[in-house]
Amino acid sequence: QLHVVESGGGLVQPGGSLTLSCAASESGVILSDYHIGWFRQAPGKEREGVSCIGRRGDSTNYSDTVKGRFTISRNNNAVYLQMNSLKPEDTGVYYCAAGLQMSYSGTRVCYGLTTWGEGTLVTVSS
């Protein structure tokens, strides 16, 4: 059974950059078999979609709040979320989710992913 783990969170100043990674926690699992999405949850708010990528890497979707600042990419073993020009409102726990099926949505970014990681905390503050 697939388990995913996030890494790369931390404290960064406004305007700074971070790169998050999502990988399978078991050796031998080919992450490229799965669609992947990044979600985040800010304190006191509901979880929201950030960016998603198809398993072949040829389709992506972004929320309007991160479009132009964040870039999602992948290789066979990991999915990355490059976050630039970070703002305090980007603060939250970022979750990676994986699934064999995924649908894109204008409001939710993507849905249908079934395996979730524990999250990594991103704090944007001076």
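Residue indices begin at 1 and follow the sequence shown.
- Judged by distance alone, the side chain of Asn61 and the main-chain N or O of Ile53 form no donor-acceptor pair under 3.5 Å.
- Between the side chains of Ser125 and Thr123, not a single donor N or O lies within less than 3.5 Å of an accepting N or O.
- Side-chain atoms of Thr115 and Gln1, non-hydrogen and from C-beta on, never get closer than 4.5 Å to each other.
- Here the two rings, on Phe39 and Trp116, have centers that are under 6.0 Å apart.
- For the pair Met102 and Cys110, the minimum side-chain heavy-atom distance is below 4.5 Å.
- Each of Val50 and Leu113 belongs to its own hydrophobic cluster when Ile, Leu, Val, Met, Phe, Trp and Tyr are linked at side-chain heavy-atom distances under 4.5 angstrom.
- A chain of hydrophobic side-chain contacts below 4.5 Å, direct or via other Ile, Leu, Val, Met, Phe, Trp or Tyr residues, connects Tyr95 to Tyr104.
- Looking at Ser17 and Gln82, their side chains come closer than 4.5 Å, going by heavy atoms from C-beta outward.
- Listed for the Ser25 side chain is no donor-acceptor partner under 3.5 Å among the backbone atoms of Val4.
- Heavy atoms from other residues, nucleotides or ligands lying under 6.0 Å from CD of Glu26 number more than 12.
- Atom CD of residue Gln41 and atom OG1 of residue Thr91 lie 13.5 Å apart, to the nearest 0.5 angstrom.
- Closest non-hydrogen pair, Ser126 versus Pro14, comes out as N-CD, 3.7 Å.
- Interatomic distance, Ser103 OG to Arg108 CZ, rounded to the nearest 0.5 Å: 9.0 Å.
- Between Tyr62 and Thr71 there is a side-chain heavy-atom pair separated by less than 4.5 Å.
- Cluster annotation: Tyr94 and Leu18 are assigned to the same hydrophobic cluster (Ile/Leu/Val/Met/Phe/Trp/Tyr, side-chain heavy-atom contacts under 4.5 Å, transitive).
- With values rounded to the nearest 0.5 angstrom, Asn76 atom CG is found 7.5 Å from Ile30 atom CD1.
- A side-chain contact (heavy atoms from CB on, under 4.5 Å) with Tyr34 holds for exactly one of Val79, Leu100, Thr114; it is Leu100.
- If you check the side chains of Gln101 and His35, you find no donor sitting under 3.5 Å from an acceptor.
- We find the CG-SG distance between Leu31 and Cys22 to be 5.5 Å, quoted to the nearest 0.5 Å.
- Using a 4.5 Å heavy-atom cutoff, the side chains of Glu6 and Leu20 are not in contact.
- In this structure, Met83 CE and Trp38 CH2 are separated by 8.0 Å, a value rounded to the nearest 0.5 Å.
- In this structure, the side chains of Ser51 and Leu81 come closer than 4.5 Å at one or more pairs of heavy atoms.
- The shortest distance between side-chain heavy atoms of Tyr80 and Arg74 does not fall below 4.5 Å.
- Within 6.0 Å of atom NZ in Lys45, 12 or fewer heavy atoms from other residues, nucleotides or ligands are found, so the atom counts as exposed in its surroundings.
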*Assess whether salt bridge (charged side-chain N to carboxylate O under 4.0 Å, His left out) is satisfied between Asp90 and Lys87, documenting all intermediate values.*
CA-CA 5 Å; Asp90 294 317; Lys87 305 175 182 180; over 6 Å; no
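- Contact check for Val124 versus Val12: side-chain heavy atoms found under the 4.5 Å cut-off.
- Between the side chain of Arg40 and the backbone N or O of Gly92, no donor-acceptor pair lies under 3.5 Å.
- In this structure, OG1 in Thr107 is found 10.5 Å from CG in Asp64, a value given to the nearest 0.5 Å.
- There is no path of hydrophobic side-chain contacts, each under 4.5 Å, that joins Val109 to Phe70.
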